[in-house]
Amino acid sequence: MSTNIQKTSIQHEKIQKLADRLENLYSEMVSIRRHLHQYPELSHQEVETPKYIAEYYRTLGLEVRTGVGGRGVVAKFNGAHAQKTIAFRADFDALPIQDQKDVAYKSTIPGLCMLVVTMVIQRH
């Protein structure tokens, strides 16, 4: 087997393992997203949202810092390669609009709606 085919096969296996792990976390991720949609907070007024996120990371056994840049949360994931860093950034502030969805996880706060949770990944 050529080296390129071996590398491709190994990469495919790693991607499949990651996909399997994400699939196992799917229902938990949906639950978190729905919670954030039910209890939105405006930008610079987030109090309960960062507490919720920090507590979740702590249950995973991660080192957590709160109050970063004001109301931000940073959780440190230690990977196999200490010299490499990947940063995940997510926005979790709501917009001052009425939630029009007719779903169980509709906003419980009149006039506030969390449309999406945006995540940006940076690799260093």
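Side chains are part of it too, since the values below use all heavy atoms of this structure and drop only hydrogens, waters and symmetry mates.
For Arg65 and Tyr57, the positive end is not near the middle of the six-membered ring at less than 6.0 Å and at most 45° from its axis.
A distance of 11.5 Å separates CG of Leu22 from CD1 of Ile15, quoted to the nearest 0.5 Å. We find the NE2-CD1 distance between His37 and Ile109 to be 14.0 Å, quoted to the nearest 0.5 Å. Distance check, rounded to the nearest 0.5 Å: CE of Met114 to CZ of Arg34 gives 15.0 Å. A distance of 12.0 Å separates OH in Tyr105 from OG in Ser31, rounded to the nearest 0.5 Å. For the atom pair Arg58 CZ and Glu63 CD, the distance stands at 10.5 Å (nearest 0.5 Å). Note that CD of Glu28 and CZ of Arg33 are 14.0 Å apart. Values are rounded to the nearest 0.5 Å.
Looking only at distances, a side-chain donor or acceptor of Glu46 sits under 3.5 Å from a matching main-chain atom of His44.
At least one side-chain heavy atom of Tyr52 sits less than 4.5 Å from a side-chain heavy atom of Leu36. Contact annotation: the side chain of Thr59 approaches that of Glu55 to within less than 4.5 Å [non-hydrogen atoms, C-beta and beyond]. Counting only heavy atoms from C-beta outward, the side chains of Glu41 and Val47 approach each other to under 4.5 Å. Side-chain contact between Tyr39 and Thr49 is absent, with no heavy-atom pair separated by less than 4.5 Å. Using a 4.5 Å heavy-atom cutoff, the side chains of Val64 and Val73 are in contact. Considering only heavy atoms from C-beta on, Gln16 comes within 4.5 Å of Asp20 through its side chain.
In terms of the side chain to side chain contact (heavy atoms under 4.5 Å, CB included) criterion, Thr8 has no residue partners (sequence neighbours excluded).
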Identify every side-chain donor-acceptor pair in residues 95-103 under 3.5 Å, counting partners at least two apart or on other chains, and give the distances.
| residue | atom | partner | partner atom | Å |
| --- | --- | --- | --- | --- |
| Gln98 | OE1 | Gly111 | N | 2.9 |
| Asp99 | OD1 | Lys101 | N | 3.1 |
| Asp99 | OD1 | Lys101 | NZ | 2.9 |
| Asp99 | OD2 | Lys101 | NZ | 2.9 |
| Asp99 | OD2 | Ser107 | N | 2.8 |

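Both Leu60 and Phe92 are assigned to one and the same hydrophobic cluster, defined by single-linkage of ILVMFWY side chains at heavy-atom distances under 4.5 Å. Ile53 and Val30 fall into different hydrophobic clusters, defined by Ile, Leu, Val, Met, Phe, Trp and Tyr side-chain heavy atoms under 4.5 Å apart, directly or through other members.
Here the closest non-hydrogen pair linking Ala75 and Leu62 is CB-CD1, 4.1 Å. Smallest separation of non-hydrogen atoms from Thr66 and Ala54: CG2-CB, 3.7 Å.
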